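We name chains A, B, ... by the order of the sequence lines, and we start the count at 1 in each one. Quantities reported herein were computed from a predicted structural model and do not represent experimental measurements.
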There are 2 protein chains.
Amino acid sequence: MGVIFGVDVGGTTVKIGMFDKEDSLKYKCEIKTDTSDKGSFILRDICKKLQDILQENSLTPNDCDGIGIGLPGPVTNDGRILGCVNLGWGIFNIEEKLSQMFYGVKVRAGNDANLAALGEKLAGGGRGHENVLMITLGTGVGGGVIIDGKIVTGTNGAAGEIGHMPVNFHETDVCSCGKKGCLEQYASATGIVRLTKKYIGEYKESPLYGYKINGKEITAKDVMDLAKAKDELSVKVIDEAALYLGMALAASASVINPDCIVIGGGVSKAGDFLIDKVEKSFMEYAFVPCRNVIFRQAELGNDGGMYGGAGLIK
Amino acid sequence: MGVIFGVDVGGTTVKIGMFDKEDSLKYKCEIKTDTSDKGSFILRDICKKLQDILQENSLTPNDCDGIGIGLPGPVTNDGRILGCVNLGWGIFNIEEKLSQMFYGVKVRAGNDANLAALGEKLAGGGRGHENVLMITLGTGVGGGVIIDGKIVTGTNGAAGEIGHMPVNFHETDVCSCGKKGCLEQYASATGIVRLTKKYIGEYKESPLYGYKINGKEITAKDVMDLAKAKDELSVKVIDEAALYLGMALAASASVINPDCIVIGGGVSKAGDFLIDKVEKSFMEYAFVPCRNVIFRQAELGNDGGMYGGAGLIK
C-alpha cells in the first residue's frame, strides 16, 4: 500500500493528511507551528509526526510515495521558497531539504493558496473541471489558478493574486499592499467592514449604527447576516463587494477562460446569497465567450491545502 | 532534412512559412483566401501550395514533420474549430481533416492571436521568456497567454481576450461586443479615434479640430503622431489609452504573473513613446510581486502567426 502525505504549513498550525493513491483522505491531524529560532524546528517536527503516523499504521517510509507541502509564501516551480515571513524562513529549496530529512522520499511544494485551489479542483467544488479559478475571501483575498488540471505558479509565484487586482482607480483609501483600489479593499472581511464604516453615517436606522454608538466591533459576518435580513446599509455594502468581485472575476476570465470558479474563505460561508450576486455582476462584465462558467462554493475548508499537497504527488 | 510549415489563415490571405527544425524561417509566401462556397476551397488551396513548395525545394511529404495552422476563431485543445465567421467555416476538427488531405502529416491548430503570442515568445519580443502575455492593439484589441512556454487556450478558446476585460464601469458607450467599458474601447485604433472625437469639442486649438471641420478622417496614427508633438488633445487621449492599458495588464499580471509583456499591432508602432506610458501605469496598478516584468514591442508583425504555427510542431 502506497500512501501520500499532504502537509499544509500555516503560521499557527501544520495540518497533515494521509491519502491513498486515489486521493482519498485516510487520516488527518494537526501539530503546532513552532516559529521559534526562525522556524528552524518546523521541518523536524513535521518529519517526526510523519514518522509516528507511518508507525501507527504499520507502514515504513518505503510505503510513502511522496509528500506534497503547502507554504504561506511564494514557491517557484523548482521548489524554492522565496521567504515565508510568518514562519521566519528565508530562501531555500524545501523540496530538496525535506526529502533529505525524510528518507529521500519525493517532495513537491507549492504556495498554500495555489494548493487549496488544486485541492478544490481534485476533491472539492471544482471537481470534474480542468480550468479552475479559485478565490478565497478571508481577512484578505487570495486565489489560485488551475489550467489543464495543473497549478499556474507564475514567474515569482504570484499567479492567482487577484486580491490585488486593480478594480477602482477612484479609490482614495490605501490597501495593505500599498496600492489603492485593489479588490481586497472591497471583497475581503476587512474590506466589508471598511465599506460599512465608510457608509454608516448615512444609515442611522441600521442596527449597525447601534454598534458604532456602543463601541461594538462590526464583523463581516454581521454585515452579511444583516444584508440577508435586508438592512439597507448592509445590502449596499455586500452589493458593492459583489460588484467588484464579479468585475475582477470577469477580468480574470478574459485572461484564462476558466470553466469553473470556486469561491472559498470565511466570507463565502454566506453561500448562494453572495454567489448569486457575484454571478450576476460577472455575467454583466464578462466577455460573452467567457461566460460559460460554473460558480461553486469551496467544499474543503481548511483541508484544501492538504488535498492539493497530495495532488502534487503523481 | 525535416521541414515544418507554419500557416496563418486570415480572411483575406493565407500566409505560409517553411521552417527548419530550429524554427528558422526558410521561405514564405501568401495565397488569397477563397471564401466562396463557405470557404470549402481554402484547405485544398493550402495543400496545393504546400505541395508546390515541397517540389520547388526537391522535398517530398516525407520530409515534412508537420503543419501548424492558425485560424481566425476559437480552436479547442484537441483541434476542433468552433466556427470561423470570416472564412465561412462551421464546426469541425481541422487537425484531422488537414492531415487526411495532406499525406497523414501531423497537424496542430490554434487561434491566430494565440499563435502570434507563441511566435513572439519563440522568435520575437518574448524570446527567452517562459510566461508571456501578448496584447495586440489593432482595429480591436486581442491577446494571447503563454505559460511555461505553452499556449493557454482556455475552456472555449477565449483565453487572452483581454480586449474585452472590463476596465471602466462608468462607461456609457457600447463596445463591439455589446458590453460597456472594455479595454478595447480605449486602447484599440478604433478606441483612440473614439476618445479623440469625444473630447475634440473642448480642444478647438488642436490640429485635429481642423480635421473635424474639413471632414477629414481622423486615424489613430494621426493622434499618436500629434501626441508625440505634444498636441494637448492627443496627449490626453493617448494618456487615457495608456492608463487603461496599464491597468488591464496589471490586472492580467495578478492572474498569471508573466515575466514578459509583448505589445504588438498597428498602434504599438508608436514604440517606446507608448510603451513607456503603459509601463508607468502598469507599475502604479500592479501588485508588487508581479511588477518584475519586461515590456517589449512585438517584432514579427504579420509573420507571428506563422512562427507560432511552426512552434506547435515539436
Residue pairs fulfilling side chain to side chain donor-acceptor pair (under 3.5 Å) with at least one residue in residues 246-263 of chain B, sequence neighbours excluded: His129(B)-Asp259(B)
Under 4.5 Å from a heavy atom of chain A, the part of Leu183(B) involved: neither
Quick one, Thr155(A) and Asn292(B) - any side-chain contact, counting heavy atoms below 4.5 Å? no
Distance, nearest 0.5 Å, that separates OH of Tyr285(B) from NZ of Lys180(A): 10.0 Å
Sort Ala248(A) into side chain, backbone, both or neither according to what part of it lies under 4.5 angstrom from a heavy atom of chain B. neither
Tell me whether the count of non-hydrogen atoms from other residues, nucleotides or ligands lying under 6.0 Å of CD in Glu202(B) goes above 12. yes
Could you tell me whether Lys198(B) atom NZ has more than 12 heavy atoms of other residues or ligands within 6.0 Å of it? yes
Most contacts with chain A, counted as non-hydrogen pairs under 4.5 angstrom, among Gly178(B), Pro166(B), Gly181(B): Pro166(B)
If a pair satisfies side chain to side chain donor-acceptor pair (under 3.5 Å) and one of its residues is in residues 237-248 of chain A, list it, with sequence neighbours excluded. Asn168(A)-Tyr244(A), Tyr199(A)-Glu240(A), Asp239(A)-Lys277(A)
Closest non-hydrogen atoms of Phe287(B) and Cys177(A), given as atom of the first, atom of the second and distance, are CE1-CB, 3.8 Å
Note: vs chain A, highest number of non-hydrogen pairs under 4.5 angstrom among Val152(B), Val288(B), Ile256(B) is Ile256(B)
Engaged part of Glu130(A) at the chain B interface, taking heavy atoms whose separation is under 4.5 Å: neither
Tell me the residues of residues 107-114 of chain A whose non-hydrogen atoms fall below 4.5 Å from those of chain B, in number order. none
When heavy-atom pairs shorter than 4.5 Å are enumerated against chain A, which of Thr153(B), Leu243(B), Asn156(B) gives the highest number? Asn156(B)
Contacting moiety of Leu133(A), where chain B heavy atoms sit under 4.5 Å: neither
Counting only heavy atoms not in Lys38(A), do more than 12 sit closer than 6.0 Å to its NZ atom? no
Okay, Pro258(A) and chain B: the region with an atom under 4.5 Å from a heavy atom over there is backbone
Before giving the answer on side chain to side chain contact (heavy atoms under 4.5 Å, CB included), spell out for Glu284(A) and Lys179(B) the whole-Å C-alpha distance, their side-chain angles and the decisive distance to 0.1 Å. CA-CA 8 Å; Glu284(A) 188 174 340; Lys179(B) 299 194 297 149; over 6 Å; no
Under 4.5 Å from a heavy atom of chain B, the part of Val167(A) involved: backbone
Among the options Cys175(B), Ala286(B), Gly157(B), Gly163(B), pick out the one with the most heavy-atom pairs lying under 4.5 Å from chain A. Ala286(B)
With a 4.5 Å heavy-atom cut-off (strictly below), which parts of residues 134-151 of chain A touch chain B? List them by number. Val145(A), Ile147(A), Asp148(A)
Show the nearest heavy-atom pair for residues Ala158(B) and Pro289(A), with the distance to one decimal. CB-CB, 3.8 Å
